[in-house]
Amino acid sequence: MDFYTSMRISAGGLTAQRTKMNVISENIANVDTTRTPEGGPYRRKMVVFGSTPVKDDFGKKLEEAGKAHTGVEVKQIVRSQEDFRLVYNPSHPDSDPVTGYVAMPNVDHITEISDMMVARRAYDANVSALNNSKSMILKALEIGK
């Protein structure tokens with residue numbers, strides 16, 4: 001594996017974690033949204049990661065040799081199928097006129113904050129790996145001097 005492959009893997013991780021942070025931000029922003037274009041309250045979104053082979057100039061040869069390296073990418077963003085929270089608020093415009101309950105989004109602050117912390121740690125780890133690769137490249141260039 002050359003230095004650029006490791007940097008591509010780290011860059012893929014950074015992109016995937018950034019997407020996860022964007023989705024978490026969207027979930028937190030819509031924690032009180034009771035009307036969506038699809039109808040009903042907002043449904044929490046989740047990011048699904050999957051491994052992806054790293055394509056580079058030597059990718060085919062590496063795959064043939066059975067030494068393919070894998071990075072990460074966002075495979076899809078799915079909506080949570082958890083039930084909505086029911087909150088008794090008869091004065092809310094979206095409340096059920098008979099019961100007075102309002103269906104609120106299935107977004108939980110604690111879950112979102114913990115997911116955000118995990119994404120941040122993974123992002124930091126990818127930055128560290130990227131910086132270490134850069135340091136190794138610079139040290140390798142110093143050898144040639």
Counting N and O atoms only, with roles assigned by atom type, does the side chain of [X] sit under 3.5 Å from a partner on the main chain of [Y], one being a donor and the other an acceptor?
X: Q76; Y: V74; value: no
X: S10; Y: S6; value: yes
X: S80; Y: E82; value: yes
X: N27; Y: K45; value: yes

Mind listing the closest non-hydrogen atom pair of [X] and [Y] along with its distance?
X: A119; Y: Q17; answer: CA-OE1, 3.3 Å
X: I28; Y: M116; answer: CD1-CE, 3.5 Å
X: T33; Y: P105; answer: O-CG, 3.0 Å
X: K20; Y: V118; answer: NZ-CG1, 4.3 Å

What distance do [X] atom [atom1] and [Y] atom [atom2] have between them, rounded to the nearest 0.5 Å?
X: R85; Y: M104; atom1: CZ; atom2: CE; value: 5.5 Å
X: L141; Y: M136; atom1: CG; atom2: CE; value: 12.0 Å
X: D96; Y: Y88; atom1: CG; atom2: OH; value: 11.0 Å
X: R121; Y: N126; atom1: CZ; atom2: CG; value: 14.0 Å
X: I137; Y: N132; atom1: CD1; atom2: CG; value: 11.0 Å
X: R8; Y: T52; atom1: CZ; atom2: OG1; value: 12.0 Å

> Looking at V87, V102, L86, which one forms a side chain to side chain contact (heavy atoms under 4.5 Å, CB included) with S95?
Replying inline: V102
Measuring only between side-chain heavy atoms, which start at C-beta, is [X] closer than 4.5 Å to [Y]?
X: D83; Y: N106; answer: no
X: K134; Y: M7; answer: yes
X: R35; Y: Y42; answer: no
X: F84; Y: R43; answer: yes
X: Y123; Y: M21; answer: no

Is the number of heavy atoms from other residues, nucleotides or ligands within 6.0 Å of [atom1] ([X]) greater than 12?
X: I110; atom1: CD1; value: no
X: Y101; atom1: OH; value: no
X: K75; atom1: NZ; value: yes

>> Set out, in order, the CA-CA distance, both residues' side-chain angles and the distance that settles salt bridge (Lys or Arg N to Asp or Glu O under 4.0 Å) for R44 and E112, then state yes or no.
In response: CA-CA 10 Å; R44 177 177 183 252; E112 298 302 324; 2.4 Å; yes
> Should V72 and V47 be regarded as members of a common hydrophobic cluster, given that ILVMFWY residues are connected when their side-chain heavy atoms come within less than 4.5 Å of each other, either directly or indirectly?
Replying inline: yes
> Are the charged groups of D115 and R120 less than 4.0 angstrom apart, N to O?
Replying inline: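 No, D115 and R120 are not salt-bridged.
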> Any side-chain donor-acceptor pair under 3.5 Å between T19 and N22?
Replying inline: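 Their side chains do not contain a donor-acceptor pair, so the 3.5 Å distance test is not met.
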> Can you tell me if N89 and S91 form a side-chain donor-acceptor pair at under 3.5 Å?
Replying inline: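 There is such a pair between these side chains.
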> V23 and M46: side chain to side chain contact (heavy atoms under 4.5 Å, CB included), yes or no, with the steps?
Replying inline: CA-CA 7 Å; V23 168; M46 298 177 293; over 6 Å; no
